[in-house]
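It should be emphasised that the depicted structure is a prediction, and the values quoted were computed from it without experimental measurement.
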Amino acid sequence: DGGVYGGEGLFGTLKAGDKRLISYALDLGTHITTAFDSRSDTVRGVRAGRGVLTVRIARVETRTYTIRNADQKPKTLVIEHAARPGYTLIGRKPTEKTATAYRFEVALAPGATETFPVSEERLVENSVTIATMAPDALLAHVRNANLSPQARRQLEEIADRMRQKAAAESEMKSLEARMAEISRDQQRIRQNIESLNRVSGQQQQVQDYARRLAEQEGELAGLRDKAAEARKRREALEEELAKLIAKAEF
């Protein structure tokens with residue numbers, strides 16, 4: 001190298017027209033560090049069918065090579081970046097490609113430091129049963145610009161029914177909790193009445209408790225009617241939601 005012994009390297013037999021890079025020495029004047037700089041996901045497509053939502057995601061990974069030429073002479077550096085199965089190189093065109101790596105040539109000025117980012121993209125698909133999704137998660141996909149108007153309408157309608165169903169379920173739970181509270185209070189009042197009946201001169205208190213029981217029975221009757229309505233509404237929404245999910249296709 002420059003008239004001076006630089007090292008030695010061995011390589012296998014070559015066929016005519018074949019090519020190899022031969023490593024023969026360590027360049028102490030070139031320093032390289034690598035950093036995994038970023039990772040981002042971009043939704044490339046959403047499709048639905050048979051009650052399943054499938055999201056196609058482009059996952060971009062960037063590895064940055066920081067190179068410092070400590071020598072006071074220009075160099076051309078060849079970076080071999082591993083070619084990973086399932087990943088596609090984006091933003092750069094390699095000088096050449098082997099079976100296992102991309103090769104990039106980087107021109108280094110004397111004493112210069114260069115950064116050389118290499119980005120790759122991998123497409124992955126995630127599938128989820130629509131019926132198990134929360135309305136907010138479904139609406140997150142509605143905001144995707146890649147959706148067609150038809151697909152957006154379908155998902156919005158499903159999310160709306162999900163919200164209505166959740167509201168009906170919340171109303172049912174609230175009504176059932178109130179009925180349970182009244183039932184516990186009635187049990188306590190009946191125990192008090194039973195105790196007071198064994199004591200003379202407590203007729204007025206017993207009558208007050210009896211009136212309270214009658215009022216609570218009236219409230220319970222109204223609560224049962226409301227709970228029945230909420231249950232019917234929830235069941236109707238479940239049926240409607242199942243139909244919307246079954247016919248969602250895009």
Quiz item: With a 4.5 Å heavy-atom cut-off, do V55 and N144 have their side chains touching?
Solution: no

Quiz item: Same cluster for I245 and V128 if Ile/Leu/Val/Met/Phe/Trp/Tyr side chains link at under 4.5 Å?
Solution: yes

Quiz item: Any Lys/Arg nitrogen of E215 or R212 sitting under 4.0 Å from an Asp/Glu carboxylate oxygen of the other?
Solution: no

Exercise. Would you name the heavy atoms of L138 and A159 that are closest together and state the gap between them?
Key: CD2-N, 3.7 Å

Quiz prompt | Minimum-distance pair of heavy atoms, taken over all atoms of M162 and A134 | solution = SD-C, 4.5 Å

Self-check item: E125 side chain near R47 side chain, heavy-atom distance below 4.5 Å
Solution: yes

Self-check item: Which atom of L53 lies closest to which atom of L155, heavy atoms considered
Solution: CD1-CD2, 4.3 Å

Self-check item: Rounded distance (nearest 0.5 Å) linking atom CG of L139 with atom CE of M133
Solution: 9.0 Å

Exercise. Look at atom CG of L14 and say whether more than 12 heavy atoms of other residues, nucleotides or ligands are closer to it than 6.0 Å.
Key: yes

Exercise. State, yes or no, whether a side-chain contact exists between F36 and R63 at a heavy-atom distance under 4.5 Å.
Key: yes

Quiz prompt | Among E240, R234, R233, E235, side-chain contact (heavy atoms from CB on, under 4.5 Å) partner for K165 | solution = R234

Quiz prompt | Pair R190 + E217, salt bridge at N-O below 4.0 Å | solution = yes

Self-check item: S127 and T54: side chain donor to acceptor below 3.5 Å
Solution: yes

Quiz item: Between N69 (side chain) and K73 (backbone), is there a donor-acceptor pair under 3.5 Å?
Solution: yes

Practice problem: Taking the side chain as every heavy atom from C-beta outward, state whether Q72 and P110 have any atom pair closer than 4.5 Å. | Solution: yes

Quiz item: How about K226: does its NZ atom have over 12 heavy atoms from other parts shown lying under 6.0 Å from it?
Solution: no

Quiz item: Taking atom CD of E171 and atom CZ of R231, what is their separation to the nearest 0.5 Å?
Solution: 11.0 Å

Practice problem: Without swapping roles, check the side chain of S195 against the backbone of Q191 for a donor-acceptor pair under 3.5 Å. | Solution: yes

Quiz item: When rounded to the nearest 0.5 angstrom, what distance separates CG in L241 from CD in Q164?
Solution: 10.0 Å

Quiz item: Which pair of heavy atoms, one from A248 and one from Q154, lies closest together, and at what distance?
Solution: CA-OE1, 2.9 Å

Exercise. Count the heavy atoms of every other residue, nucleotide or ligand shown that sit under 6.0 Å from CZ of R163, and state whether that count exceeds 12.
Key: yes

Self-check item: Flag side-chain contact, heavy atom, 4.5 Å: V78 against T95
Solution: no

Quiz item: Would you say R50 has more than 12 foreign heavy atoms packed within less than 6.0 Å of its CZ?
Solution: no

Exercise. Decide, yes or no, whether a salt bridge links E157 with K247 under the criterion of side-chain N to carboxylate O below 4.0 Å.
Key: no

Quiz item: Has the side chain of T132 got a donor or acceptor atom that lies under 3.5 Å from a matching backbone atom of T129?
Solution: yes

Quiz item: When rounded to the nearest 0.5 angstrom, what is the spacing between CZ in R152 and CZ in F250?
Solution: 10.0 Å

Quiz item: Who else is in the cluster with L108 when I, L, V, M, F, W and Y are joined by side-chain contacts under 4.5 Å?
Solution: I32, Y65, I67, L77, I79, L89, Y102, F104, V106, F116, V118

Quiz item: With hydrophobic residues grouped by side-chain heavy-atom distances under 4.5 Å, do I57 and I90 end up in a single group?
Solution: no

Exercise. Report, as yes or no, whether the 6.0 Å neighbourhood of atom NZ on K97 holds more than 12 heavy atoms from other residues, nucleotides or ligands.
Key: yes

Exercise. Please check if L244 and I130 belong to a single hydrophobic cluster, counting links between Ile, Leu, Val, Met, Phe, Trp and Tyr side chain heavy atoms closer than 4.5 Å.
Key: yes

Self-check item: Under 4.5 Å side-chain linkage, directly or through intermediates, the cluster mates of L237
Solution: none

Quiz prompt | Considering all heavy atoms, the nearest G86-R122 contact | solution = O-CG, 3.4 Å

Quiz item: When rounded to the nearest 0.5 angstrom, what is the spacing between OG in S183 and CD in E176?
Solution: 11.5 Å

Quiz item: What's the spacing between I193 CD1 and L196 CG if we round to 0.5 Å?
Solution: 8.0 Å

Quiz item: Is there a donor-acceptor contact under 3.5 Å from the side chain of D160 to the main chain of E156?
Solution: no

Exercise. Could you pull out the closest heavy-atom pair between R92 and P117, with the gap in Å?
Key: NE-O, 2.5 Å

